[in-house]
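Below is one structure, written out as structure tokens; comments come after it.
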Amino acid sequence: MPLALLALAVGAFGIGTTEFVMMGLLPDVANDLHISIPSAGHLVSAYALGVVIGAPLLAAVTARMSRRTVLMGLMGLFVAGNALSALAPGNGWLLAARFLSGLPHGAFFGVGAVVATNMVAPERKARSVSLMFLGLTVANVVGVPVATLMGQQLGWRATFLGVSAIGLAAIAALAFLIPHDHEHATAKGLRGELAALRSVPVWLSLGTTVAGFGALFAAYSYITPMLTDAAGYADASVTLLLALFGVGATAGNLLGGRLADHSLRGTLFGGLGALVAVLALFPLLMRTEVTAAVAVILLGVAAFATGSPLQLMVMDKAASAPSLASSANQAAFNLANAGGAWIGGLALAAGFGVTSPALAGAALAVLGLGVASLAYAVDRRSAPVVRRERIVASHVPQEAETVRH
């Protein structure tokens, strides 16, 4: 694997840290800015909104630029957003800075996935994407706990300055390790790039992402009360258990990348099926501390095994605009985050029990399997048409030669 993938992983590490660290810093931010915890929670939503808006938009408007230049520019925007977060004088300014920080998130992963797959042989594409995502999963194991501890000891502003430093390191790594590219995406303009998203297979792939990762976030958003109220863990133990989730996510990400290079569709179906099983068993696994810890690890493995396959499938279905489609998939991940948490909260509010969000997640994973199956059926129906078009195209030069003679 090219060393250049390390540069993408460093950028992903910084992005993953700043995305999730806010959850641990909410009390500190709320106290310092004299706002309520629910009001501080809007800072999480502001970042997610930035991702959803920025992912397809920035990918589309930078389509004609060198991808190396785009990646460095996106990390520059990331550094600016986090530096402004550290310097924000009030809640309104911090909301705007968090929105700015989220804008480059999806486009970085989208364009980065295209760069990663272009640097390796076709049979290693999924592994290259999984190595870029490795920075994101490792951030949950190392980056978020360290950044949270830094914020608690030195103040939350120090955390965002530290994340900005990671962004600067990522820019340096991108400059030195990513090869200069003179290939630009097809110059179709913004309208032409957006036209690539009209394809039904693309939307089915994005729908699979929303449902599949919505299943994860329906349960993971409420993992703390499950671990404390159902499994009996002390509050102080939750941080370690969340690190175990990160370990499982890292293992699942690497495993999914390796398996997807052999069978993309099989890995996707297997990962979603495993996610259904793990979430359905959550009420049983949360009865003891040992089985609850195992459940947290398995949740990370099953969910993130589908990450690389989903990314590659979207890129394949929108081959004429892979950067845009890949970035749109990152927006779908964040929609899954918000939607899954909302659905899990509905189950909890309805009084179905502390582990009910996991069962709601299992239902979403089943929906994801259904959408993925529909996408497979559409592909099989369109395959004969594609083959006929290729056969016709292969005969055109022969017919033209006959006319000349």
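Computed from heavy atoms alone, side chains included, the values below leave out hydrogens, waters and symmetry copies. Numbers here are sequence positions counted from 1.
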Check against side chain to side chain contact (heavy atoms under 4.5 Å, CB included), L71 and F108: CA-CA 6 Å; L71 288 171; F108 181 87; 3.7 Å; yes

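- Residues F304 and L216 share a closest heavy-atom pair of CE1-CD2, 4.0 Å.
- The minimum heavy-atom distance between T355 and A230, with the atom names listed, is CG2-CB, 4.2 Å.
- Expressed to the nearest 0.5 Å, how far CG of N82 lies from CZ of R98 amounts to 7.0 Å.
- With a 4.5 Å cut-off on side-chain heavy atoms, V141 and L244 do not count as touching.
- Not one N or O on the side chain of T62 forms a donor-acceptor pair closer than 3.5 Å with the backbone of M65.
- Between S326 and M315, the shortest heavy-atom distance links the atoms CB-CG, 3.7 Å.
- The shortest distance between side-chain heavy atoms of S308 and N253 falls below 4.5 Å.
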Working for side chain to side chain contact (heavy atoms under 4.5 Å, CB included), residues L103 and V51: CA-CA 5 Å; L103 285 175; V51 177; over 6 Å; no

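- We find the OG-CG distance between S205 and L268 to be 8.5 Å, quoted to the nearest 0.5 Å.
- Rounding to the nearest 0.5 angstrom, the gap separating the CG atom in L100 from the CZ atom in F78 is 11.0 Å.
- A side chain to side chain contact (heavy atoms under 4.5 Å, CB included) with L58 is found for one member of V111, V70, L77 and no other, namely L77.
- With Y222 contributing its side chain and V354 its backbone, the two residues share no donor-acceptor pair below 3.5 Å.
- The distance from atom CZ of F352 to atom CG of L346, rounded to the nearest 0.5 Å, is 10.0 Å.
- No side-chain heavy atom of T306 sits less than 4.5 Å from a side-chain heavy atom of T267.
- Side-chain contact between E19 and N334: present, with at least one pair of heavy atoms (C-beta onward) separated by less than 4.5 Å.
- Residues V296 and L227 meet the side-chain proximity criterion, which asks for heavy atoms closer than 4.5 Å.
- The closest donor-acceptor contact from the side chain of T18 to the backbone of I15 lies at 3.5 Å or more, if one exists at all.
- Counting all heavy atoms, side chain and backbone alike, A231 lies closest to A292 at CB-CB, 3.6 Å.
- Here the OG-CZ distance, from S327 to F109, works out to 11.0 Å after rounding to the nearest 0.5 Å.
- Here the side chains of N91 and H34 are not in contact, with every heavy-atom distance at 4.5 Å or above.
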Steps toward ring-ring contact (aromatic ring centres under 6.0 Å, His included) verdict (F245, Y220): CA-CA 9 Å; F245 171 82; Y220 187 67; 4.2 Å; yes

F269/S373 under side chain to side chain contact (heavy atoms under 4.5 Å, CB included): CA gap, chis, key distance, verdict: CA-CA 8 Å; F269 282 119; S373 300; 3.6 Å; yes

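- Between P179 and R68, every side-chain heavy-atom pair lies at or beyond the 4.5 Å cut-off.
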Show me the donor-acceptor pairs, under 3.5 Å and distance only, between side chains in residues 153-174 and residues at least two apart or in other chains.
unit_1, atom_1, unit_2, atom_2, d
W156, NE1, D32, OD2, 3.0
R157, NH1, A86, O, 2.8
R157, NH1, A88, O, 2.7
R157, NH2, A88, O, 3.0
T159, OG1, A147, O, 2.9
T159, OG1, G151, N, 3.1
S164, OG, A83, N, 3.1
S164, OG, F160, O, 2.9

Full working for side chain to side chain contact (heavy atoms under 4.5 Å, CB included) between N329 and L206: CA-CA 6 Å; N329 197 48; L206 294 174; 3.7 Å; yes

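- Side-chain contact between M22 and Y47 is absent, with no heavy atoms from C-beta onward closer than 4.5 Å.
- We find the CZ-CG distance between R127 and L5 to be 12.0 Å, quoted to the nearest 0.5 Å.
- Of all heavy-atom pairs between V371 and G207, the closest is CG1-C, 4.1 Å.
- Within a 6.0 Å radius of OH in Y376, other residues, nucleotides and ligands contribute 12 heavy atoms or fewer.
- Of all non-hydrogen atoms in L95 and H42, the two that sit nearest each other are CD2-O, 3.6 Å.
- The closest donor-acceptor contact from the side chain of N337 to the backbone of F333 lies at 3.5 Å or more, if one exists at all.
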